[in-house]
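First the structure, in the form of structure tokens, and then the observations on it.
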Amino acid sequence: MPMEKTFDATEAEARIYAMWEAMGAFRAGANASRAETFTIMIPPPNVTGSLHVGHAFNNTLQDVLVRWKRMQGYDVLWQPGTDHAGIATQLVVERQLAKAGNESRAEMGREKFLERVWEWKAESGGNIRNQLKRLGASCDWDREAFTMDANFHDAVIKVFVDMYNKGLIYRGKRLVNWDPHFETAISDLEVENVEVAGQMWHFKYLLAEGATYIYVEKNQDGRVTLSEERNYISIATTRPETMLGDGAVAVHPSDERYAPIVGKMVEIPIANDDGSFRQIKIIHDDYPDPTFGSGAVKITGAHDFNDHEVARRHGLTMHILMDTKGNMVSHDAPDNIVPTRYRGLHRFIKDGIPGARELAIAEINARGRAVTRRSGFTPTPADDIADTGGVNPALQVPYVEDKPIMQPFGDRSKVVIEPMLTDQWFVDTAKIVGPALDAVRQGRTRIIPESGEKTYYHWLENIEPWCISRQLWWGHQIPVWYGPTPQDGYDFNRDYDLTSNYKYAFCGATFEEAAKSAELRYGPRVFEVSSKEEAEAFRGFEVPLYRDPDVLDTWFSSGLWPIGTLGWPNWTEDTKKYFPTDVLITGSDILFFWVARMMMMQLAVVEQEPFHTVYLHQLVRDEKGEKMSKTRGNVIDPLDIVDQYGADALRFTMTQMAAIGGVLKLSEDRIKGYRNFGTKLWNAHRFAEMNGVFDGPRPTEPPHPTQTVNNWIIGETSKTLAEVNEALTTYRFNDAANALYAFVWGKVCDWYVEFSKPLLQGDDTTHKPETQQTMAWVLDQCLILLHPIMPFITEELWGQTDRPKPLIHTDWPTYSDLTDPKAHQEMTWAIAMIDNIRSARAQMNVPAGLYVPVLQLNADMAAQNAWAKNETLIKRLARIESLTPTTTVPKGAITVATPGATFAIPLAGIIDIAAEMARLTKAHEKLTKEINGLRNRLNNPNFATSAPPEVVAEAQTNLTARQDEAAQLTGAMARLAELG
RNA sequence: GGGUGAUUAGCUCAGUGGUAGAGCGCUUCGUUCACAUCGAAGAUGUCAGGGGUUCGAAUCCCUUAUCACCCACCA
């Protein structure tokens, strides 16, 4: 049955993928003919996720490598799987519950809620897998892993316990980024700063007991610009509500303005419940910048990262002002410093309800402790902010503020992050960072592009402790149980997050394990309870231990992805065989989140690098270079592309654009272009089929034909193989795709198929069969070489004939350079001649279909030979009727100069002499320019002595050739001039 | 503030010392003869500006400008 005119991607892709799966084509070790392994771990997408263009790009590149290596006979494992994605997943399920009007998470309790999450995972966790399949991803799906699988969980817990026992994990009260919406700590890396128009307020902090000082301000020349007696220090802040927790006011030691009052006390301008004002000290610290604001900074140790450092240096009390929801704390504990009227208020205006900030401003304003603007400040209309709630606008200064926002990953909401002083678990990264740095520095792991290494060093060399606890339910629960501290009694009645109440911690993979160490302290009286409330209820009985309710940061578990998916902590056959893996392919945006952590953790756990190469690919943007986002409405859904143009077109486009570095701007026009490429390949096969090329057996070895064209295309094929190998070895995916595009379209279709027509369509008993054989072989090579990038259409074309194996398991070729130098030279000449004749004809408006007689004025041996051997082909492609040697050129002929030969096409009456003269002049000018350039180089004595000989020789050859051509043109112009 | 990278054809981008490239778009011509998802021909460049190294620079160095991203951030 003859082939269809085009490839039906939708129908064929599903059928072919099913065929591959049915035969187990993707299984680890499938088609392995050698012992070496090649392992890639998929960067696990969120289990909540659906495929976006970033995934499509990332997985296309992985699949290209995997298919290439599999065809080469490596024992290939591409390990798929998904990440449980703590926050994102918990949120999805919570929203679902709310939507369905179910009990909330809090109402249903931890156990029941987790059941719901697992149910949800079972229902929709497989979406992304099916989407990856549509792309053609050849993962070993039988091994699909999940970061909450039982074995993976064991690995995670074991690592926690080991690291805990080695002192690499500790619990501490630290200032962390706090998400008041989810009420959990988040990683520094998850915070994104967004510029917003904010305000800065200036307030007077009065000196205690009516003290005064002379405030002197100087300009840069040291001249006094202001000198007055003051009883206050001016403090600027963007967050007035935090002044309730101030521990001091800091000024820079070099700041002369405040030298007289350092060490004195000032009053916080918000009254305590009893009407008094809390007093704090003015201290010296290097942190304040004397040139910014008033140069004096209020220090709120519990709610600002910089202030926190200052407070620690000076041993200041850190007053916690807010609860886990971002409201002012309302409990009655004696250490609550918040005045009664502020308790329970949100920290700032929300839903139109004024919060602590607005109340504070109003009170301060009423007391006249706002600082009016100093001279030199010109108010603008923007200063009159609408929602000031009766506040004197004079004391507000507009200010561009960087607000920390929860990074808008997936479904997470944007919420302003609050620095919070809480008890959290940390990895002491400084202790494990060394091997991860050395691995890259010493080249055991290479990062591509190299700039990634610099970024990697920069971050790791300045690494901060890693907060790994999250106040969520969905995730790996921290394997630590708390027991009572004897001196505190059984005191669990304080707020878990907001107190420094120490509890004895016992770590173990299971309760039994943790209990063993607990018994060393308490004796054999411990038992497990499910919560601290329950522990409280058992006060006075035996010793109740309750498990830390927090879970581990998702990145802590995904940091173990390479080894955890391979069976570790057991050293299984798989672990031994496939670990360490080979290459990690991922976006540069998760270099710190994930790559650096995998390096640190694998090295800490098994002292091996998890992979030898990290390829950081571009981030995908829209055609304008903007991030794709739902709000911008510029999202390209890769599955829409697959539906419309087929997976191969998308894959080829992405591969072709995968240059090293930069961003990838995806546009639909390109995809369309590469869909056309598939059609072109398809039609070349159609041509072959119609010409009996596939009638005989397919040659598996390069044929040895007699015809120049056949030898030529075999040589070109071998060059392409070398280019593709080189490109993929060096991760230059775009080079591989471009080499194939240029070969298949530019060489095979544009020239070889055309050249082959007279041979195939004649009935010569040697030329025809050898051309059929050669074309069959060449087209097979096209399919093989393209398969890693365009697996579907190539497999479909491969299957047009009976084959021993499907293409996916066909051996990647190993032949080396098959170029026949004579064939190469002849074809180069023939192509140049055809190009030149076509060009001259087109420019002189010779009808395209018209066969013309051509006169040969002169030709060197090579040219004569090339003509003689390929006369039929050249005549057909250049539309030449006959070639006649001659010494005289008739009137009204156009001249065509070609390497080593000059031709004339007599076109009396057809041509326009002026146009021909213009054409020749233009060509001559171009040549002259080149000749001058070459001559200047060669005439420079330093060139001959300094440049490599082959460069000099090449320049000389080029010069001779150009001069030759120019001379021919000059002759033609002279003849033409005689006519005119 | 620190870091990294970018600036090449109308557009999107390759190109790490040896005659400036691709795709798309554009212009002209052309469909019985694999393919109009096509073919043939053509036009288009101070390789951001300035300086330096070199026989030779889009490429290496310095500098200026603009832009992008990452990290840290001024209360």
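To find a chain, count down the sequence lines: A is the first, B the second, and so on, and within it residues start at 1.
To the nearest angstrom, C1' of B:rC38 lies 13 Å from CZ of A:Arg675. If you take CG of A:Asn734 and C1' of B:rG21, they are 13 Å apart, rounded to a whole angstrom. Atom CZ in A:Phe652 sits roughly 14 Å away from atom C1' in B:rA14 (whole-Å rounding). Separating the CD1 atom of A:Ile447 from the P atom of B:rG5 is a distance of 14 Å, rounded to the nearest angstrom. To the nearest angstrom, C1' of B:rU32 lies 11 Å from NZ of A:Lys5. Going from atom CD1 of A:Ile671 over to atom C1' of B:rU12 covers 13 Å, rounded to whole Å. As rounded to whole Å, 14 Å separates atom P of B:rC13 from atom CE of A:Met654. Between the CG atom of A:Leu759 and the P atom of B:rA34 there is a distance of 15 Å, rounded to whole Å.
The CD1 atom of A:Ile837 sits 4.0 Å away from the CD1 atom of A:Ile880 when rounded to the nearest 0.5 Å. Taken from CH2 in A:Trp751 to CD1 in A:Ile713, the straight-line distance is 12.0 Å, to the nearest 0.5 Å. Interatomic distance, A:Phe7 CZ to A:Asn683 CG, rounded to the nearest 0.5 Å: 13.0 Å.
Separating the C1' atom of B:rG18 from that of B:rC35 is a span of 40 Å, rounded to the nearest Å. Separating the C1' atom of B:rA20 from that of B:rU46 is a span of 13 Å, rounded to the nearest Å. For the P atoms, the distance linking B:rU7 with B:rC60 amounts to 11 Å, nearest Å. Comparing B:rG21 with B:rA9, their C1' atoms are spaced 10 Å from each other, to the whole Å. Between the P atoms of B:rC47 and B:rC29, the separation comes to 34 Å (whole Å). Taking atom P on both B:rC26 and B:rA34, the two are 27 Å apart, rounded to the nearest angstrom. B:rG15 sits 10 Å from B:rA6 when the P atoms are compared, rounded to a whole Å. On the P atoms, B:rU31 is 15 Å away from B:rA40, given to the nearest whole Å.
At the heavy-atom level, A:Arg838 lies under 4.0 Å from the strands shown only through sugar-phosphate atoms. Across all strands shown, A:Glu754 has heavy atoms under 4.0 Å from base atoms, whether or not it also approaches the sugar-phosphate. Residue contacts shown for A:Arg919 are absent, as no nucleic acid heavy atom lies under 4.0 Å away. A:Lys680 comes within 4.0 angstrom of a nucleotide base, judged by non-hydrogen atoms across all strands. In this structure, A:Ala848 reaches neither bases nor backbone, as no heavy-atom distance under 4.0 Å exists between it and the strands shown. A:Asn462 comes within contact range of no nucleotide atom at all, as no heavy-atom separation falls under 4.0 Å. Nucleic acid contact class of A:Arg841 (heavy atoms, under 4.0 Å, all strands): none. Heavy atoms of A:Pro288 sit under 4.0 angstrom from at least one base atom. Nucleic acid contact class of A:Gly746 (heavy atoms, under 4.0 Å, all strands): none. At the heavy-atom level, A:Lys926 lies nowhere under 4.0 Å from the strands shown. Here A:Asn940 lies in heavy-atom contact (under 4.0 Å) with sugar-phosphate atoms only. Residue-level contact check: A:Thr455 touches neither bases nor backbone, having no heavy atom under 4.0 Å from any strand.
Here the side chain of A:Asn676 is nearest to one of B:rG15, B:rU4, B:rC38, namely B:rC38. Checking B:rA43, B:rA14, B:rU4 against the side-chain heavy atoms of A:Lys454 singles out B:rU4 as nearest. When the nucleotides B:rG18, B:rC55, B:rU19 are ranked by their closest atom to the side chain of A:Ser946, B:rC55 comes out on top. Listed candidates were B:rG2, B:rG5, B:rC35. Nearest to the side chain of A:Thr679 is B:rC35. Nearest to the side chain of A:Arg686, among B:rC71, B:rA34, B:rU16, sits B:rA34. Listed nucleotides B:rG2, B:rA34, B:rG15 differ in distance to A:Val753; the shortest reach to its side chain belongs to B:rA34. Which of B:rG42, B:rA34, B:rG18 sits closest to the side chain of A:Ser839 comes down to B:rG42.
Across all strands shown, B:rU53 forms no Watson-Crick or G-U wobble pair with both distances under 3.5 Å. Pairing for B:rU16 is absent, judged as Watson-Crick or G-U wobble with the two contacts each under 3.5 Å. Under the Watson-Crick or G-U wobble criterion, with both distances below 3.5 Å, B:rA6 is paired with B:rU66. Taking a pair to require two hydrogen-bonding distances under 3.5 Å in either a Watson-Crick or a G-U wobble arrangement, B:rC47 remains unpaired. Across all strands shown, B:rG30 is found opposite B:rC38 as a Watson-Crick or G-U wobble partner, with both distances under 3.5 Å.
Comparing A:Tyr674 and A:Arg962 by the nucleotide of RNA chain B whose heavy atom lies nearest to each, the residue mapping closer to the 5' end is A:Arg962. Comparing A:Lys298 and A:Ala947 by the nucleotide of RNA chain B that holds the closest heavy atom to each, the one mapping nearer the 5' end is A:Ala947.
With respect to the salt-bridge test (charged N to carboxylate O, under 4.0 angstrom), the residues A:Arg962 and A:Glu930 qualify. Salt-bridge check for A:Glu418 with A:Arg347: passed, with a basic side-chain N closer than 4.0 Å to an acidic carboxylate O. Salt-bridge check for A:Arg919 with A:Glu916: passed, with a basic side-chain N closer than 4.0 Å to an acidic carboxylate O.
One donor-acceptor pair, N or O on each side, does fall under 3.5 Å between the base of B:rU12 and the side chain of A:Arg670.
Between B:rC35 and A:Lys757, no contact under 4.0 Å exists linking OP1 or OP2 to a side-chain N or O. An OP1 or OP2 oxygen of B:rG39 is reached within less than 4.0 angstrom by a side-chain nitrogen or oxygen of A:Trp745.
If you check the side chains of A:Lys298 and A:Thr242, you find a donor sitting under 3.5 Å from an acceptor. Side-chain contact of A:Gln656 with A:Arg670: a donor-acceptor pair under 3.5 Å is present, judged by distance alone.
Between A:Tyr674 and A:Phe652, the two ring planes are tilted [angle within 30° to 60°].
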